[in-house]
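The next block holds one structure in the form of structure tokens; read it before the comments.
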Amino acid sequence: MYAYDPQVVETKWQENWQSAGLYDTVDDTADDSTDETADDAAKQGEKPRYYVLEMFPYPSGDVHMGHVRNYTIGDVVSRYRRMRGFDVLHPIGWDSFGLPAENAAIRQNTSPAVWTYTNIERQRASLKRLGFSYDWSRTVITSDVDYYRWGQWIFLRFWQNGLVERRSSPVNWCPSCATVLANEQVVGNGACWRCGSVVKRRELEQWFFKITDYAEELLKDLAILDDWPQRVKQMQANWIGKSQGAEVIFELCDEQGEPSKEKITVFTTRPDTLFGASFFLLAPEHPLVKGLIAGTEYAAAVERVATKAANATAVERAQGEREKNGAFTGRYVINPVNGEKLPIWVSDYVLMDYGTGAVMAVPSGDQRDFEFARAYGLPIPPVVVAADDPLLAALSDEPTRVQNDVDWPAAYDGPGIMVQSGEFTGMDGGKDSAGSQAVTNWLEQRGLGRATVNYRLRDWLISRQRYWGNPIPAIHCETCGIVPVPEADLPVLLPLDVDVTAGKSLADYPEFYNVTCPQCGGAAHRETDTMDTFTCSSWYFLRYTDVHNDQAPFGVAAARAWMPVDQYIGGIEHAILHLLYARFFTKALRDIGLFGEKYPADHAVQADFANGSNVLAGFANSLGADSNPKVAVTSPDTSSFDRKADSPADPSANPKAALLRAGEPFARLLTQGMVKLGGEVMSKSKGNVVAPEEVIAAYGADALRVFILFMAPPDKDLEWSKEGLEGIWRFLNRVWRQVFTLSGEDMDAAKQTEGQTEGQTKDQTEKLVAQEAGTQAEAQTATATQVHAELTRQLHRSGLKATEDIERFNFNTAISAVMELSNSAAVYLKLPCAQRNVNLSKQVAETLVLLLAPMAPHFAEELWQGPLDNVHKGSVHTQNWPRFDVACAQANTIEMAVQINGKVKARITVAADAVDDEVRTAALIAADSFLAGRQPTKVIVVPHKLVSIVV
RNA sequence: GCCCGGGUGGCGGAAUGGCAGACGCGGAGGUCUCAAAAACCUUUGUCGCAAGACGUGAGGGUUCAAAUCCCUCCCCGGGCACCA
């Protein structure tokens, strides 16, 4: 036997696997365009496919423990699936555009490209050193032209299909990153997700992806993601924030109540409270405000409120007392249900970017309106009263409307009875109540409103005022407005020599900036904004299926063969950001037709894609004809592009195909927990980082991998423990020695063990043979037989448990099952050599190695091809996963607990196949002394577990 | 405020309603050794000399049986939040 030296073993097999191309994906997708299930594939004698993917890294420096954890989990799944007979796609790449590269380049006086690609090479080496089974021929690097050109292509297709808008709106601006941010990238109380600076609101013209068109589908399809964590689905649902309610149209009027034909629509979730409206509110930024107050005595006060709101940061608006500032505009609207005249106020608690920026205020039913009414002395008429509220009886006798003289401490927004509500009085009120429905119907019949739905989800702001990103393929022409870059002119190359250290930007590079308009041929300039890096990561999983395609982002056959990803693994921090964007992209790409005819047919996409860039040219013309191209760059007709269509749910179809048809990219999602030290997330700034390289140098990659899998379930946070790592190191070394001994490769050691432990064996197994009579020699033989039987059972028990646990991603308990087998083997190895069974020894050794192969790949390979002498069978990683037998895992006799009134009082040993009656009899005999003559009223036998006696 | 998770020995963590604490770490004692390391063996929830009693955040409930299901709370973590 030679000692376990991970450095030698690991480098040796890494080189071997690489040169053998062990992990290259079997590429048989070219002529395959049908949906298939594992069963179909099996029938055709082909292997079923399995696509396992981990969120690709940002090349921000060295590989850290979070990466190690993420990629180890993926690697176990990948290797296990291969051994289960799947063709596995397991790729890796880099999400390599983005701001950190620019900041680092400035700091280190280099270029973002150099910094990025240097880091990629470093990380690539680290990932290889960890022995991950990636198909390195399928690497995707998002800053490579071969990749980002297709990002531009997709951008144009989105544009063509009405999913791109350029418009002016209030946006989030990070002063430190000097760029705008998407809503999803503002975290906590208005902080930039990257640098943590306080984000400012600014009115800017920017590029958006119309993710809101998919709000309903993104929400609804969460229901079919059975294998996503509830938490992630909940977070997405919260973020999308659907509210059911009604739009109500209010008409402006003068002081005498004369209508003026001008209308303002509000959104409400409580149409049942319409009779309780006592004033009307506009957001300070509302476009109507200026007109309403122009030249009036109210203008100054209103403008003060507006200025104060505009200057407040998101943090200020979210924190503090939430004091509500407001001012009367001097104007009124008419309440459509009762003709009442309501004063229009402006207040900062009304948000311009939710609903319509206008609100009907019902102070008795809404706490915010209530506080505002109190502060400004406005009426608070009751409208929905709780059934047990004494006010209800009082109001029913009241002939005229009650106002402020009802002194409530707070608004009431629960279910109740409608009062003072004309023909609706007495109906059930509350959210989604009959009263709500009735009022909505009433409004609809008269054209005064309609049932509608509102979402909190905002359109995705994708433009960034930064250099290191995918250039937005658009051209600004003074005559034609904003024109798409013709498809034939793609890619728009990002110049690599922009000197960010000198503060230069794309606008400073004439060869990039100055172009001729593709439409009129006149002088024009390129858009200098680049796309949010999240656009790059929104479809990379599709590119992996067909990395080398130079005709399209990916082929239909490849996508349909592999997608959706069977198992996606990554951090919870992307629960909303990346995971929502990727779902949106996949749905949009489906509707655009990139998954083939069958898919868009379900979703009624009518766009003509036969002529590629011609369509785009025509589209560009239509843009040029627009009188105000800077605002309306959106396709005029999106009605044919029906994204609200139901996801077709054919229950007979295989789930994978159904998910792809629904435009869902990830069938199963695992969000792994964080790696912590001292209860804190490892981070350079906290100085509590354990570098993977150092651990590998001391213990090897396999020990690190097994440790990380063993210390916690994958979805929970993991506390780093030097002692725990050493425990795993001991475990691997023990298995190493055991395999050598078991395989007969180490006769010296075997003899040594024999000589050394003969005495101990006797002690150790005395318990097992307590009931056996006879001479010492006989006892030892009997013990040996029992040890063999126990080891055999443990082998099957461990095998079954490990298999089940890997399937369920309980890697920690899978490893403990292997430890139990090793513990049993240790007992067995105490038997003198002559009392061991060669076949059993070999079987146990091979099982230990095969079960550990996905987790400790190099370790397993060395033992497989070394002491186990299985070179002729090829790599351990191409072996079939061993089969185990439930019957073999079971002992002939089992011990059962006997409970009396719920307490365990005795134990019985019965045959494993004993029928209930036999067990019952045995239990009653064993319990006799505890029963003390009492008669059992009930005896419950739980087979193989216990007997419960009730007296 | 609303919505999700979670709370089990000294620690990480196990337990389709069926013997709580698998497995590992740590601790204690031992074997081997001149000694140490490594390895191996025994032991290790709490209280108790013991018999035994108690024990999964707290309190109730359902059940022959509850860490697990139900109700009322407490604490920790996370998401959303002046969203009409």
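Naming convention: chains lettered A, B, ... in sequence-line order (proteins, then strands); numbering from 1 in each chain. What you see is a predicted model, and the numbers here were worked out from it, not measured in a lab.
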[N] pairs with, by Watson-Crick or G-U criteria that keep both distances under 3.5 Å:
{"N": "B:U31", "answer": "B:A39"}
{"N": "B:C19", "answer": "none"}
{"N": "B:G77", "answer": "B:C4"}
{"N": "B:G52", "answer": "B:C47"}
{"N": "B:C69", "answer": "B:G61"}

What nucleic acid atoms does [X] come within less than 4.0 Å of, heavy atoms only: base, sugar-phosphate, or nothing?
{"X": "A:Asp369", "value": "nothing"}
{"X": "A:Gly727", "value": "sugar-phosphate"}
{"X": "A:Thr269", "value": "sugar-phosphate"}
{"X": "A:Pro713", "value": "sugar-phosphate"}

**Of A:Val359 and A:Asn238, the one whose closest RNA chain B nucleotide lies more 5'** = A:Asn238
**Fill in**
The residue, A:Gly241 or A:Gln234, whose nearest nucleotide of RNA chain B is more 5′ is A:Gln234
**Message:** Show the nearest heavy-atom pair for residues A:Gln236 and A:Ile576, with the distance to one decimal.
**Reply:** NE2-O, 4.3 Å
**Complete:** Heavy-atom closest pair (A:Trp345 atom, A:Gly326 atom, distance to 0.1 Å) is CE3-C, 4.1 Å
[X] has an atom [atom1]; how far is it from atom [atom2] of [N], in whole Å?
{"X": "A:Asn810", "N": "B:U16", "atom1": "CG", "atom2": "C1'", "result": "13 Å"}
{"X": "A:Glu573", "N": "B:G79", "atom1": "CD", "atom2": "C1'", "result": "14 Å"}
{"X": "A:Phe267", "N": "B:C82", "atom1": "CZ", "atom2": "C1'", "result": "16 Å"}
{"X": "A:Tyr354", "N": "B:C80", "atom1": "OH", "atom2": "C1'", "result": "13 Å"}
{"X": "A:Arg456", "N": "B:A84", "atom1": "CZ", "atom2": "P", "result": "7 Å"}
{"X": "A:Ile240", "N": "B:C80", "atom1": "CD1", "atom2": "P", "result": "14 Å"}
{"X": "A:Phe811", "N": "B:G12", "atom1": "CZ", "atom2": "C1'", "result": "18 Å"}
{"X": "A:Ile708", "N": "B:G12", "atom1": "CD1", "atom2": "C1'", "result": "14 Å"}

**Asked** Any sub-3.5 Å donor-acceptor pair from A:Asn733's side-chain atoms to A:Trp729's backbone N or O?
**Response** yes
**Request:** Could you tell me whether the side chain of A:Arg458 and the main chain of A:Arg456 form a donor-acceptor pair under 3.5 Å?
**Result:** yes
**Message:** Syn if the chi torsion is within 90° of 0, anti otherwise; quick check, which is B:G7?
**Reply:** anti
**Request:** Mark up nucleotides 18-23 of chain B, 5' to 3', with B wherever a protein heavy atom is under 4.0 angstrom from a base atom, S wherever such an atom reaches only the sugar-phosphate, and - elsewhere.
**Result:** BB--BB
Between [N] and [M], how far is it from one [atom1] atom to the other, in whole Å?
{"N": "B:G6", "M": "B:G13", "atom1": "P", "value": "13 Å"}
{"N": "B:A14", "M": "B:U8", "atom1": "P", "value": "12 Å"}
{"N": "B:C75", "M": "B:A58", "atom1": "P", "value": "15 Å"}

**Request:** Compare side-chain N and O positions of A:Lys938 against OP1 and OP2 of B:C64 and report whether any pair is under 4.0 Å apart.
**Result:** yes
**Prompt:** Does A:Arg368 put a side-chain nitrogen or oxygen below 4.0 Å from OP1 or OP2 of B:G1?
**Reply:** no
So, are [X] and [Y] salt-bridged, with charged N and O less than 4.0 Å apart?
{"X": "A:Glu216", "Y": "A:Lys242", "value": "yes"}
{"X": "A:Glu790", "Y": "A:Arg793", "value": "yes"}
{"X": "A:Glu371", "Y": "A:Lys324", "value": "yes"}
{"X": "A:Glu719", "Y": "A:Lys676", "value": "no"}

**Complete:** Of the listed B:G12, B:C4, B:G26, the closest approach to the A:Glu723 side chain comes from B:G26
**Item:** Listed nucleotide nearest any side-chain atom of A:Ala712, set B:C41, B:G13, B:C83
**Value:** B:G13
**Request:** Could you tell me how the ring of A:Phe740 sits relative to the ring of A:Tyr2: parallel (under 30°), tilted (30 to 60°) or perpendicular (over 60°)?
**Result:** perpendicular
**Request:** Kindly indicate whether the side chain of A:Val359, heavy atoms from C-beta on, has any atom under 4.5 Å from the side chain of A:Val266.
**Result:** no
Give every pair of a protein N or O atom and an N or O atom of nucleotides 36-39 of chain B that lie under 3.5 Å apart, one pair per line with the distance.
from	atom 1	to	atom 2	distance (Å)
B:A39	O3'	A:Arg737	NH2	3.2

**Prompt:** Should the heavy atoms of other residues, nucleotides or ligands under 6.0 Å from CZ of A:Arg920 be counted, would the total exceed 12?
**Reply:** yes
